[in-house]
Visitor: 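Quick one: structure below, then a few questions.
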Number of protein chains: 2
Amino acid sequence: MGGESAGYVRGEGRNREQVAFELAVIDFFVAAADLLGVPKSVAILYGAVFASVEPVGFSDLERRLQLSRGSISQGIRVLREVGAIKPVGGNGDRIERFLPDMELRKIVDRWLVERLQRQVGTGRERLRSLARGIPGGRSASGRELRARVRQLQNWHDKAAAALPVVRGLLKIG
Amino acid sequence: MGGESAGYVRGEGRNREQVAFELAVIDFFVAAADLLGVPKSVAILYGAVFASVEPVGFSDLERRLQLSRGSISQGIRVLREVGAIKPVGGNGDRIERFLPDMELRKIVDRWLVERLQRQVGTGRERLRSLARGIPGGRSASGRELRARVRQLQNWHDKAAAALPVVRGLLKIG
DNA sequence: CAGCAAGTTCAATTCAAAATGAAATGAATA
DNA sequence: TATTCATTTCATTTTGAATTGAACTTGCTG
């Protein structure tokens with residue numbers, strides 16, 4: 001258990017249980033992030049925030065995780081931009097501490113839209129101009145190529161239609 | 001047009017139209033592959049086969065594309081394994097030539113199953129063992145963490161349920 | 001204002017995946 | 001059997017993304 005993230009987590013004054021839990025959470029997010037093409041360090045940071053009931057600040061992360069300041073700073077930026085973590089004020093000091101935003105839905109949805117929908121959109125363009133350039137006129141080979149491109153368009157349309165459905169299904173109340 | 005793949009395509013005795021078409025097709029597949037995390041060279045190879053009415057052999061690819069023998073060999077292997085191209089016999093000579101398998105559906109479906117379904121499966125495991133290790137007993141913090149993990153499970157279940165639906169939607173008759 | 005703690009930036013480094021190409025294989029041909 | 005040519009294998013190289021860390025800001029505190 002905890003093979004992947006093990007090297008990234010430090011004990012640092014927390015008890016065994018807490019550390020083990022953090023480790024397991026981080027593992028989970030590292031696996032998921034890998035699927036979505038998100039950098040490991042970002043997943044580790046999110047996992048650490050997610051696993052902590054207390055809001056977590058920069059120096060907490062620096063202490064608990066084996067990541068450079070640079071990675072922590074950039075990772076935090078990404079996670080904020082994406083809405084995965086939220087700063088909480090009201091500790092008196094000037095340190096920013098974060099809690100996980102539990103609406104994972106929004107994050108995943110944003111990913112779906114930015115990554116898939118954009119590709120689907122430009123795909124439509126490409127296919128159109130591609131269809132215009134089919135060589136071979138009304139010869140047999142022209143007909144064959146036209147059929148192939150039609151297949152591609154067909155498939156593309158299905159994918160485009162599926163996207164909104166997926167977005168709907170993933171909505172979590 | 002054809003910015004990405006341009007460097008990989010050679011004229012080699014085909015006419016302008018044909019080359020331009022091949023280029024556009026390759027561009028399309030390179031973009032799609034990038035989305036699915038497939039190596040570029042594999043997409044290029046598939047594009048070249050897809051764009052040709054005549055079955056395409058190793059040496060054709062070697063001539064037409066700026067790819068090493070090694071990449072061509074391995075790319076062909078991947079594409080065959082995955083069912084994206086099919087060998088056609090009957091030319092008298094011993095050279096293997098390929099046609100694209102037009103059932104893209106199967107390829108995408110395989111990808112969905114291997115990549116997503118597997119992750120979803122192991123995710124369930126991880127979440128279960130994770131839930132068992134929640135620290136804090138029946139304290140307030142324990143309750144909070146339990147709620148968070150439940151959210152994760154909830155989300156995970158939705159994703160698991162969405163997968164078959166997607167597979168259904170993408171089926172192209 | 002000097003000193004310090006918190007965090008950011010970005011050029012340099014590291015690392016893993018992809019691509020290469022030279023040598024090995026193996027099947028057909030002479 | 002020797003030769004040739006098509007393809008595969010795999011150790012090395014390349015490439016590009018992720019990560020690091022040292023220098024730099026920013027704003028507090030004595």
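Please read these numbers as outputs of a predicted model, since none were measured by experiment. Naming convention: chains lettered A, B, ... in sequence-line order (proteins, then strands); numbering from 1 in each chain.
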Visitor: Between B:Asp157 (side chain) and B:Asn154 (backbone), is there a donor-acceptor pair under 3.5 Å?
Guide: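 The answer is no, because no donor-acceptor pair under 3.5 Å joins these two groups.
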Visitor: Output the single nucleotide from C:dT9, D:dT7, C:dT20 whose closest atom is nearest the side chain of B:Gln74.
Guide: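 Of C:dT9, D:dT7, C:dT20, C:dT20 is nearest to the side chain of B:Gln74.
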Visitor: Considering non-hydrogen atoms only, spot the tightest contact between B:Leu169 and A:Lys158 and give its length.
Guide: O-CD, 3.7 Å
Visitor: For A:Arg146, does the CZ atom sit with more than 12 other heavy atoms under 6.0 Å from it, leaving out its own atoms?
Guide: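 Correct, the count exceeds 12.
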Visitor: Could you please name the option among C:dG21, C:dA18, D:dT20 that lies closest to any side-chain atom of B:Pro39?
Guide: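 Among C:dG21, C:dA18, D:dT20, the one nearest the side chain of B:Pro39 is C:dA18.
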Visitor: Hey, can you tell me if B:Phe28 and A:His156 have their rings parallel, tilted or perpendicular (30° and 60° cut-offs)?
Guide: tilted
Visitor: May I have the distance from B:Lys40 (atom NZ) to D:dT15 (atom P), rounded to whole angstrom?
Guide: 12 Å
Visitor: Starting the side chain at C-beta, find the nucleotide from C:dT9, D:dA18, C:dG7 nearest to A:Phe58.
Guide: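 Nearest nucleotide to the side chain: C:dG7.
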Visitor: At under 4.0 Å, does any side-chain N or O of B:Ser68 touch on OP1 or OP2 of C:dT20?
Guide: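 So the side-chain polar atoms of B:Ser68 do come within 4.0 Å of the phosphate oxygens OP1 or OP2 of C:dT20, strictly under.
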Visitor: Is it true that a side-chain atom of A:Arg97 and a backbone atom of A:Phe58 form a donor plus acceptor pair closer than 3.5 Å?
Guide: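 Flag not set: sc A:Arg97 to bb A:Phe58 has no pair under 3.5 Å.
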Visitor: Using whole Å, report how far CZ of A:Phe98 lies from P of C:dA6.
Guide: 14 Å
Visitor: Tell me the interatomic distance from A:Ile72, atom CD1, to C:dG7, atom P, rounded to whole angstroms.
Guide: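 In whole Å, C:dG7 P lies 10 Å from A:Ile72 CD1.
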Visitor: Please report, rounded to the nearest Å, how far the C1' atom of D:dT25 is from the CZ atom of A:Arg77.
Guide: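 Checked: the CZ to C1' distance equals 15 Å.
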Visitor: Does a side-chain N or O of B:Ser71 approach OP1 or OP2 of C:dT20 to a distance below 4.0 Å, or not?
Guide: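 Checking B:Ser71 against C:dT20: at least one side-chain N or O falls below 4.0 Å of OP1 or OP2.
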Visitor: Taking the side chain of B:Leu67 as heavy atoms from C-beta outward, which of D:dT19, C:dA6, C:dT20 is closest to it?
Guide: C:dT20
Visitor: So, does B:Ser59 get its side chain near the phosphate of D:dA6, meaning an N or O under 4.0 Å from OP1 or OP2?
Guide: no
Visitor: Can a side chain N or O of A:Ser73 be found less than 4.0 Å away from OP1 or OP2 on C:dT8?
Guide: yes
Visitor: What is the distance from CG of A:Leu45 to P of C:dG7, rounded to the nearest Å?
Guide: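 Whole-Å distance recorded here is 13 Å.
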Visitor: Given atom CG of B:Leu61 and atom C1' of D:dT8, what is their separation to the nearest angstrom?
Guide: 15 Å
Visitor: Which is more 5' along DNA chain D, the nucleotide nearest A:Val38 or the one nearest A:Arg69? Just name the residue.
Guide: A:Val38
Visitor: B:Ile76 has an atom CD1; how far is it from atom P of C:dA18, in whole Å?
Guide: 18 Å
Visitor: What is the distance from CG of B:Asp34 to C1' of D:dG16, rounded to the nearest Å?
Guide: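 After rounding, the gap between these two atoms is 13 Å.
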